[in-house]
Number of protein chains: 2
Amino acid sequence: MQIAISTAGLHPAMPAMTEPHATLRGEARAMGSARSYGKDEEVYGEGDKASWYFKVVSGVVRTCKILSDGRRQIDAFHVAGDIFGIERGETYRCSAEAVGEATVIAYRRCSLEVLAASDSVLARQVVATTLLSLERAQDHMILLGRKSAAEKVATFLLAMAERVHEDAIELPMSRSDIADYLGLTIETVSRTLTQLERDAVIALPMARRTIVLRNKSALRRLNA
Amino acid sequence: MQIAISTAGLHPAMPAMTEPHATLRGEARAMGSARSYGKDEEVYGEGDKASWYFKVVSGVVRTCKILSDGRRQIDAFHVAGDIFGIERGETYRCSAEAVGEATVIAYRRCSLEVLAASDSVLARQVVATTLLSLERAQDHMILLGRKSAAEKVATFLLAMAERVHEDAIELPMSRSDIADYLGLTIETVSRTLTQLERDAVIALPMARRTIVLRNKSALRRLNA
DNA sequence: CGCTACTTTGATCATACTCAAGCCGAGTGG
DNA sequence: CCACTCGGCTTGAGTATGATCAAAGTAGCG
């Protein structure tokens with residue numbers, strides 16, 4: 001049995017710096033190498049041999065699955081400090097792409113396995129990293145399965161705001177990414193945001209990638 | 001940082017016996033104790049102190065999250081051999097209940113942490129168990145976010161059949177459990193099954209907990 | 001038997017999707 | 001500097017999928 005990588009990483013819910021996997025001991029020794037990607041560039045594809053795992057340095061990386069007819073579900077957005085690409089099997093089960101410009105450090109999977117065997121602190125960090133991904137996946141499942149469009153968007157906005165500790169959010173991703181993350185269409189995302197603006201819950205400046213939260217308690221009420 | 005327990009365990013997708021966590025080394029030493037539960041009895045509740053983790057011996061256990069207004073999402077059904085209840089934090093983030101009569105072995109969480117620190121094989125099994133739960137959660141997210149009712153039911157039936165290696169499935173869970181697992185209502189589950197029967201894809205004997213798969217390739221086509 | 005819980009079926013409704021058009025800002029080139 | 005295009009976003013109209021509300025079967029079990 002192998003230890004490898006494909007964490008369904010982050011919700012935008014927690015400040016990345018406090019994440020337990022912010023630094024995995026042994027990474028320096030493991031000789032990680034930096035890589036940069038442009039917007040929508042692929043870090044790896046579903047089915048590729050999972051020889052590396054990654055830590056985000058800057059920018060945002062999305063991991064997603066695609067159905068045969070093109071329908072897409074984004075598992076997670078990974079921000080600075082997040083680890084992604086740890087797999088149990090030989091291949092990646094999600095694809096990973098840069099949302100905008102992004103830099104990551106790549107670590108050889110084999111070095112993780114070797115090190116973890118001799119370094120119990122590292123091993124437990126790998127467990128914690130994976131468990132964190134699992135927690136986020138669990139939260140995301142109830143969102144996808146049981147929340148309304150308005151509730152999904154509210155949850156998303158609150159999580160994004162929590163990440164940056166501010167009420168003005170600079171969204172790194174497009175409406176299309178948001179839709180595929182929340183299990184909606186771009187039209188529904190757009191209409192829901194417009195409705196929230198009408199209700200004075202948020203403000204949508206001309207630069208549509210910015211969203212200002214005006215009434216957080218209203219959002220929390222929607223958060224269910 | 002702690003290593004603990006709340007795996008979003010199993011899909012019905014794999015034969016339990018081949019799971020990497022079927023036996024975690026050190027469990028015997030860890031002095032697990034057997035516990036039995038009746039239908040719908042709670043193994044633990046969301047928010048309880050996560051002092052134990054569990055392995056299913058017989059029966060089925062569901063883990064789920066509930067929204068404030070009662071909407072429920074079932075994360076996973078756990079069958080014989082599956083581990084559940086491993087948490088990163090101090091408390092359980094899902095509740096766990098027996099679907100029918102079920103027996104589990106409870107292990108103290110602290111013994112897992114102590115043992116894993118000294119036993120790298122056990123540590124890596126914990127990682128693999130958690131990664132498996134994560135894989136299942138990822139598959140479930142695309143189902144919840146992007147599949148139609150018919151596709152959800154087809155995926156579910158194929159996964160259940162795969163688990164028992166037979167085309168006649170004895171469902172351990174009610175329509176209500178299926179609905180809350182698939183993000184549907186019981187009416188939609190029922191109607192979808194009826195429609196599949198009309199299309200001669202499945203048969204629904206009088207005992208409604210049994211379902212016979214008549215046309216697996218039709219189901220696979222729906223599986224998307 | 002007759003209750004109870006579970007499931008199915010029916011009718012109606014609402015949420016979110018689809019298809020289509022229009023808007024706006026950023027970039028490009030005349 | 002303006003006209004054009006292109007991509008991303010918004011808006012509108014109509015629809016469909018699945019939810020809701022309500023009732024009737026059916027099985028299991030005392």
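Keep in mind the model is a prediction, meaning the values are calculated, not measured. Naming convention: chains lettered A, B, ... in sequence-line order (proteins, then strands); numbering from 1 in each chain.
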Note: contacts of residues 199-216 of chain A with DNA chain C (heavy atom, under 4.0 Å) are A:Met206

Please say whether the positively charged group of B:Arg108, taken as NZ for Lys or CZ for Arg, lies over the ring of B:Trp52, i.e. under 6.0 angstrom from the six-membered ring centre and within 45 degrees of the axis.
-> yes

Using five pairs at either end of the helix from C:dC1-D:dG30 to C:dG30-D:dC1, determine the angle between the two local helix axes and round it to 10 degrees.
-> 20°

Taking the side chain as every heavy atom from C-beta outward, state whether [X] and [Y] have any atom pair closer than 4.5 Å.
{"X": "A:Leu193", "Y": "A:Val189", "value": "yes"}
{"X": "B:Cys64", "Y": "A:Met141", "value": "no"}
{"X": "A:Arg146", "Y": "B:Leu144", "value": "no"}

Hey, what do you get for [atom1] ([X]) to [atom2] ([Y]), rounding to the nearest 0.5 Å?
{"X": "A:Leu67", "Y": "A:Arg72", "atom1": "CG", "atom2": "CZ", "result": "12.0 Å"}
{"X": "A:Glu46", "Y": "A:Ser95", "atom1": "CD", "atom2": "OG", "result": "6.0 Å"}
{"X": "B:Leu143", "Y": "B:Ser148", "atom1": "CG", "atom2": "OG", "result": "9.5 Å"}

May I ask you to check whether over 12 heavy atoms, not counting those of A:Arg208, lie within 6.0 Å of atom CZ?
->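 Enclosed.
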
Using a heavy-atom cut-off of under 4.0 Å over every strand shown, decide if B:Ser174 touches base, sugar-phosphate, or nothing.
->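 Sugar-phosphate contact only.
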
Can you name the side-chain hydrogen bond (donor to acceptor under 3.5 Å, both in side chains) partners of B:Asn223, sequence neighbours left out?
-> B:Thr155

Which residues pass the side-chain hydrogen bond (donor to acceptor under 3.5 Å, both in side chains) test with A:Arg71, sequence neighbours left out?
->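 Counting only residues at least two positions away or on another chain, A:Arg71 forms a side-chain hydrogen bond (donor to acceptor under 3.5 Å, both in side chains) with A:Asp69, B:Glu151.
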
Along DNA chain C, first and last positions that approach a heavy atom of chain A under 4.0 Å = C:dA16 to C:dG25

Pick one: which of B:Val104, B:Thr63, B:Ile83 meets side chain to side chain contact (heavy atoms under 4.5 Å, CB included) with B:His78?
-> B:Thr63

For A:Pro172, the option from A:Arg209, A:Arg62, A:Met160, A:Glu101 that meets side chain to side chain contact (heavy atoms under 4.5 Å, CB included) =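 With A:Pro172 as partner, A:Arg209, A:Arg62, A:Met160, A:Glu101 yield a single side chain to side chain contact (heavy atoms under 4.5 Å, CB included), made by A:Met160.
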
Backbone N/O of A:Asp75 and side chain of A:Lys65: donor-acceptor pair under 3.5 Å | no

Find the distance A:Met173:CE to D:dG7:C1' and express it as a whole number of Å.
-> 18 Å

Base versus backbone protein contacts along nucleotides 13-20 of chain D [heavy-atom cut-off under 4.0 Å; B, S, -] = B----SSB

